[in-house]
Amino acid sequence: MALAEKFYPKKLAFQYLDELCREFTRCHGAEIATFSRPYQAINFDPRLTRIRRDYLDPQSPKNVQKLNADLTEIHSIMMQNINDLLRRGEALDRVSTKGSALLTESKQFDRTARLVNLQALYKSIAPLAAIALVILFVLWWGFRG
C-alpha cells in the first residue's frame, strides 16, 4: 500500500509498488517464509529509501521517462488491438459475402427443386390424363350421334 498526494500519477504509484515488490523479492524472496519477526528484513530499508527518493518527484526526468515508456507500451498494445479488430472485420466481411452467396444459391436451388418436382408430377399424371381424355373423347363421339 502506498499513500500519495491526490495529484500524484496513479501509474507512477503502481510502478513504485511494482519496483518495490521486485526488489524485495530479489533480495529476500527465498527468506520470506522463514521470517518470524516483523522487522527481520530491516536491512532492506536503505533500498526502500533509495526507491522512494527516486519516485518522490513525479516531474523528475526519470519518472517522466517511465510514464512515457508506459504510454508508449499502451499505445503499441492499442495499435495491435486495432489491427486485430480490423483483421477480424475483414474476416467478417468475407463471411458475410459468402453467406449472401450461399443464400442466393439456396434460393436458386429451391426454385430448381420445385420445377423438378412439378415436372415429375406431370410425368406421373400425363399418361393417366391422356387415357382419360381418350375415353372422354370416345364417349363424346359415341353419344353425339
Side-chain angles (χ1 to χ4, degrees), residues 1-36 38 40-41 44-45 47-145:
M1 180 184 337
L3 296 176
E5 297 290 331
K6 191 173 187 164
F7 67 88
Y8 197 84
K10 289 179 184 176
K11 282 283 188 193
L12 203 55
F14 282 107
Q15 286 178 354
Y16 168 70
L17 292 173
D18 186 48
E19 188 172 339
L20 275 179
C21 179
R22 278 187 276 120
E23 185 69 20
F24 189 81
T25 304
R26 187 181 66 75
C27 294
H28 299 289
E31 305 167 0
I32 292 175
T34 62
F35 286 171
S36 60
Q40 200 157 343
F44 185 70
D45 190 54
R47 288 188 182 102
L48 175 68
T49 304
R50 181 188 48 82
I51 294 171
R52 185 169 37 102
R53 188 176 52 244
D54 289 346
Y55 281 88
L56 273 178
D57 182 16
Q59 300 301 323
S60 73
K62 187 176 180 181
N63 289 337
V64 171
Q65 182 181 11
K66 288 177 185 177
L67 288 174
N68 284 337
D70 195 41
L71 287 175
T72 302
E73 181 183 353
I74 290 170
H75 180 264
S76 66
I77 290 170
M78 293 301 292
M79 290 299 294
Q80 181 64 37
N81 288 344
I82 290 170
N83 289 335
D84 290 345
L85 285 175
L86 289 174
R87 273 188 251 120
R88 287 182 194 141
E90 291 169 358
L92 287 176
D93 287 343
R94 284 193 305 270
V95 169
S96 176
T97 302
K98 288 179 181 180
S100 297
L102 187 60
L103 180 64
T104 303
E105 290 176 13
S106 70
K107 286 180 181 178
Q108 179 64 31
F109 177 78
D110 185 48
R111 282 187 291 242
T112 304
R114 287 183 188 196
L115 181 64
V116 168
N117 285 338
L118 189 61
Q119 287 174 350
L121 179 67
Y122 288 158
K123 285 182 182 179
S124 67
I125 294 178
L128 295 175
I131 292 172
L133 282 175
V134 169
I135 292 174
L136 285 175
F137 181 71
V138 169
L139 288 175
W140 178 74
W141 191 263
F143 286 114
R144 199 180 97 178

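It should be emphasised that the depicted structure is a prediction, and the values quoted were computed from it without experimental measurement.
- Partner of H75 under the side chain to side chain contact (heavy atoms under 4.5 Å, CB included) criterion, out of M79, E73, M78: M79 alone.
- The shortest side-chain heavy-atom distance between L103 and S106 falls under the 4.5 Å cut-off.
- Salt bridge annotation for D70-K66: absent, with no cationic side-chain nitrogen under 4.0 angstrom from a carboxylate oxygen.
- Annotation: the span from N117 atom CG to T112 atom OG1 amounts to 11.0 Å, rounded to 0.5 Å.
- The closest side-chain heavy-atom distance from L20 to Y16 is below 4.5 Å.
- The closest side-chain heavy-atom distance from I51 to F24 is not below 4.5 Å.
- At most 12 non-hydrogen atoms from other residues, nucleotides or ligands lie less than 6.0 angstrom from CZ of F14.
- Residue E31 qualifies as enclosed at atom CD: its count of foreign heavy atoms under 6.0 Å is above 12.
- Residue pairs meeting the side-chain hydrogen bond (donor to acceptor under 3.5 Å, both in side chains) criterion with at least one partner in residues 78-90, sequence neighbours excluded, are Q80-D84, D84-R87.
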Practice task
Carefully, step by step, assess E19 and R22 under the rule salt bridge (Lys or Arg N to Asp or Glu O under 4.0 Å).
Solution key: CA-CA 5 Å; E19 188 172 339; R22 278 187 276 120; 5.2 Å; no

Run the side-chain donor-acceptor check on residues 123-134: report pairs under 3.5 Å with partners two or more places apart or on a different chain.
| from | atom 1 | to | atom 2 | distance (Å) |
| --- | --- | --- | --- | --- |
| S124 | OG | A120 | O | 3.4 |
| S124 | OG | L121 | O | 2.9 |

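- The CG atom of D93 sits 12.0 Å away from the NZ atom of K98 when rounded to the nearest 0.5 Å.
- The number of heavy atoms from other shown groups lying within 6.0 Å of CZ (R50) is above 12.
- The minimum heavy-atom distance between L67 and K11, with the atom names listed, is CD2-CB, 3.7 Å.
- T49 contributes a side-chain N or O that, together with a main-chain N or O of D45, makes up a donor-acceptor pair within less than 3.5 Å.
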